[in-house]
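The structure under discussion appears below in the form of structure tokens.
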There are 2 protein chains.
Amino acid sequence: MHPLDSTRALMDGLGSEANLCVKCGSRSVGLCAPLDVAALDDMSGESERLSLDARDTIFHQGDTARHVYTLTEGMARLTRVLPDGRQSVIGFRFSGDILGFTPAAEHAFGAEMLTRGMVCRLDRKRLEQLFRRYPALERRFLDLCVKELAASQDHILALGRFSAEERVAAFLVSLAEAQERRGRAGPVFDLPATRADIGEFLGLTLETVSRAISAFRKRGWIRLHGHSGIELLDREALVSLGSGDGADAA
Amino acid sequence: MHPLDSTRALMDGLGSEANLCVKCGSRSVGLCAPLDVAALDDMSGESERLSLDARDTIFHQGDTARHVYTLTEGMARLTRVLPDGRQSVIGFRFSGDILGFTPAAEHAFGAEMLTRGMVCRLDRKRLEQLFRRYPALERRFLDLCVKELAASQDHILALGRFSAEERVAAFLVSLAEAQERRGRAGPVFDLPATRADIGEFLGLTLETVSRAISAFRKRGWIRLHGHSGIELLDREALVSLGSGDGADAA
DNA sequence: CGCTATCTTGAAACGTGTCAATCACTGTGG
DNA sequence: CCACAGTGATTGACACGTTTCAAGATAGCG
């Protein structure tokens, strides 16, 4: 994977285009693709839809991991809290992504909505049964997991080696790509994450994120539309800055 | 997972105590545990042992992912290179860990030995066949993968939120734990990674790592034994500093 | 229309990076 | 067994980027 894809893949998360909830989505793509009709009926019998507002919690860090979730609408953030209260945003998730899948007893991180939206949840024990009955489903989870692992490693690279502006540029590009891959084709993209959220994701303070965004704006690379809209005017510049082929090193 | 386990779990990697290579290890633990004798014979037929010196490359970033490896002896580092030449150490691996498992066509990172050691390699196509024949094996890979993903997220947290000394403390503790879990019980642990390796893993320069280690030494927390031995004198202090319950925040 | 969140901007402090010199270990050859 | 060379580690001084703290500006909402 090219480092450019870093945050892109990261934000894609466990299950781009995947869909656990048959009621809520297409039967022809995503997780369910390898399954036959009987399997789909098995799954749809147990999944529940939940409607959520912005800032609602999907699950808390430390909660017993009873369910696996599919985000079918909206955007969420995954957060991890340290004993001393420091907090970090582990990643962002979009419609189609899977949340909270883990073999551990408890969720290692919390998940909260950034926008209003919808999730489908499936009982974890039910999923285990489905794994036994439909091995192809388990294979799909393994592929997604390895993919997300690669994305996490790219994010580690970014956090360890990228400057503030490089990180913000990579983030903006990947945000745009994530939304494009989900059909939002317009020049203006949603930016539901606050500067604080972005900062906690990128290992920066909210002020530093703001300064980077201001710098891009002053260079004519982006245009802001209110507090939750952003337009990429010079995508090339952002991609170049955010992909680690910076002119400074090389 | 407690943040304390951050680097520990990370360094554990895909497959603590796992063993792909039947010739080289026990049949009663690790990856092969869920398999029966027939499966083990299937696997042992195709795995090869390779002996490697320090600094030898196991595989390069970008290589076609033809094999999956088990590190049976020694310590290795995983590295990822950016287009501009910046490099980052993604993680360290110890005997028993699995290397290079990916559903992608190419290895996303390179692997090099830090010490002399031994690896077993299994043809990837063969592994795919084994997955089909022994679903339990695939399930084990999925569990390991999710575990490593959680570890990566903890590392992301550390890179984004920890100070230099906190990161180095966490690293030293996890290194000791990784070696203890593999049987090395003495007070002096191997530290085959150079300051530069550690720095690239923790997102720091080698000088900053050196300064942190010197600071710990001057506080009486550790004692160095040559260039590759380290003794933890005040483990509590290191654990406390490295687990994010620092007195500074809270 | 005004309140509140969020964002922006500035100035100063701090931590880490950079560059450079010296030191210490380790392995080699005398 | 010791001296030497080479690599890695340490330490210092300074520069730079990011954080911190503080003040205002802007957008969104009731």
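Keep in mind that this is a model prediction, so the values were computed, not measured. Every chain is numbered from 1 and lettered A, B, ... according to where its sequence line falls, protein lines coming before strand lines.
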Hey, are the side chains of L99(A) and T70(A) touching, using non-hydrogen atoms and a 4.5 Å cut-off? no
So what does L204(A) hit on the nucleic acid, given a heavy-atom distance under 4.0 Å: a base, only sugar-phosphate, or nothing? sugar-phosphate
Is K218(A) close enough to dT8(C) that one of its side-chain N or O atoms is under 4.0 Å from OP1 or OP2 there? no
Quick check on H225(A): does its NE2 atom have over 12 non-hydrogen neighbours (other residues, nucleotides or ligands) under 6.0 Å away? yes
Length of the CZ-P vector between R167(A) and dG17(D), whole Å: 14 Å
Nucleotide nearest L224(B) when distance is taken to its side chain, options dT10(D), dG8(D), dT19(D): dT10(D)
Y69(A) and F101(A): aromatic ring centres closer than 6.0 Å? no
Can you tell me whether the base of dA5(C) sits syn or anti, using the 90° cut around 0 to define syn? syn
Could you tell me how far apart F162(B) (CZ) and dT16(C) (P) are, to the nearest whole angstrom? 13 Å
Using a heavy-atom cut-off of under 4.0 Å over every strand shown, decide if G203(B) touches base, sugar-phosphate, or nothing. sugar-phosphate
Contact list (N/O, under 3.5 angstrom) for nucleotides 24-30 of chain D vs protein:
{"from": "dG28(D)", "atom 1": "OP1", "to": "H227(A)", "atom 2": "N", "distance (Å)": "3.3"}

Distance-only donor-acceptor test, E207(A) side-chain atoms vs dC7(C) base atoms, 3.5 Å: no
Output the single nucleotide from dA5(C), dG12(D), dT20(D) whose closest atom is nearest the side chain of R55(A). dA5(C)
Touch check for T208(A), heavy atoms < 4.0 angstrom, all strands: base, sugar-phosphate only, or nothing? base
Would you indicate which nucleotide in dT18(D), dG10(C), dT10(D) comes nearest to any side-chain atom of R195(B)? dT10(D)
Just how far, in rounded Å, is C1' of dA9(D) from CG of D197(B)? 13 Å
Output the rounded distance in Å from CD (E200(B)) to C1' (dG17(C)). 14 Å
dG17(C) C1' sits how many Å from L206(B) CG, rounded? 11 Å
Side chain of A164(B) only, please: which of dT16(C), dT20(D), dT10(D) is the nearest? dT16(C)
Under a 4.0 Å N-O cut-off, is there an ion pair linking D97(A) with R182(A)? yes
Which whole-number value in Å describes the distance from R86(B) CZ to dG17(C) C1'? 14 Å
Of the nucleotides dT18(C), dT6(C), dT11(D), which has the atom closest to the R217(B) side chain? dT11(D)
Can you list the stems that DNA chain C is part of, where a stem is at least 3 pairs in a row, each Watson-Crick or G-U, with both distances below 3.5 Å? C:1-4 with D:27-30, C:8-30 with D:1-23
In this structure, how many angstroms lie between the P atom of dG15(C) and the CG atom of L202(B), rounded? 18 Å
Taking any heavy-atom pair under 4.0 Å as a contact, classify S210(B): base, sugar-phosphate, or nothing. base
With a 4.5 Å heavy-atom cut-off, do I198(A) and L191(A) have their side chains touching? yes
Ring centres under 6.0 Å, that's the criterion: do F59(A) and H67(A) meet it? no
Is a donor-acceptor pair below 3.5 Å formed from side chain R211(A) to base dG10(C), judging by atom type as modelled? yes
Worked check of salt bridge (Lys or Arg N to Asp or Glu O under 4.0 Å) between R80(B) and D154(A): CA-CA 8 Å; R80(B) 190 135 171 50; D154(A) 279 336; 2.6 Å; yes
Rounding to a whole Å, what distance do you find between I198(A):CD1 and dT6(C):P? 13 Å
Picking from I58(B), D197(B), L78(B), T79(B), what satisfies side-chain contact (heavy atoms from CB on, under 4.5 Å) with E112(B)? T79(B)
Within the 6.0 Å centroid threshold, strictly below: F171(B) and F92(B): yes
Under a 4.5 Å cut-off applied to non-hydrogen side-chain atoms, are Q61(A) and H107(A) in contact? no
Candidates dT9(C), dT10(D), dC7(C) - which lies nearest the side chain of T194(A): dC7(C)
Tell me, please, which residues at least two apart from S214(A) pass side chain to side chain donor-acceptor pair (under 3.5 Å). R217(A)
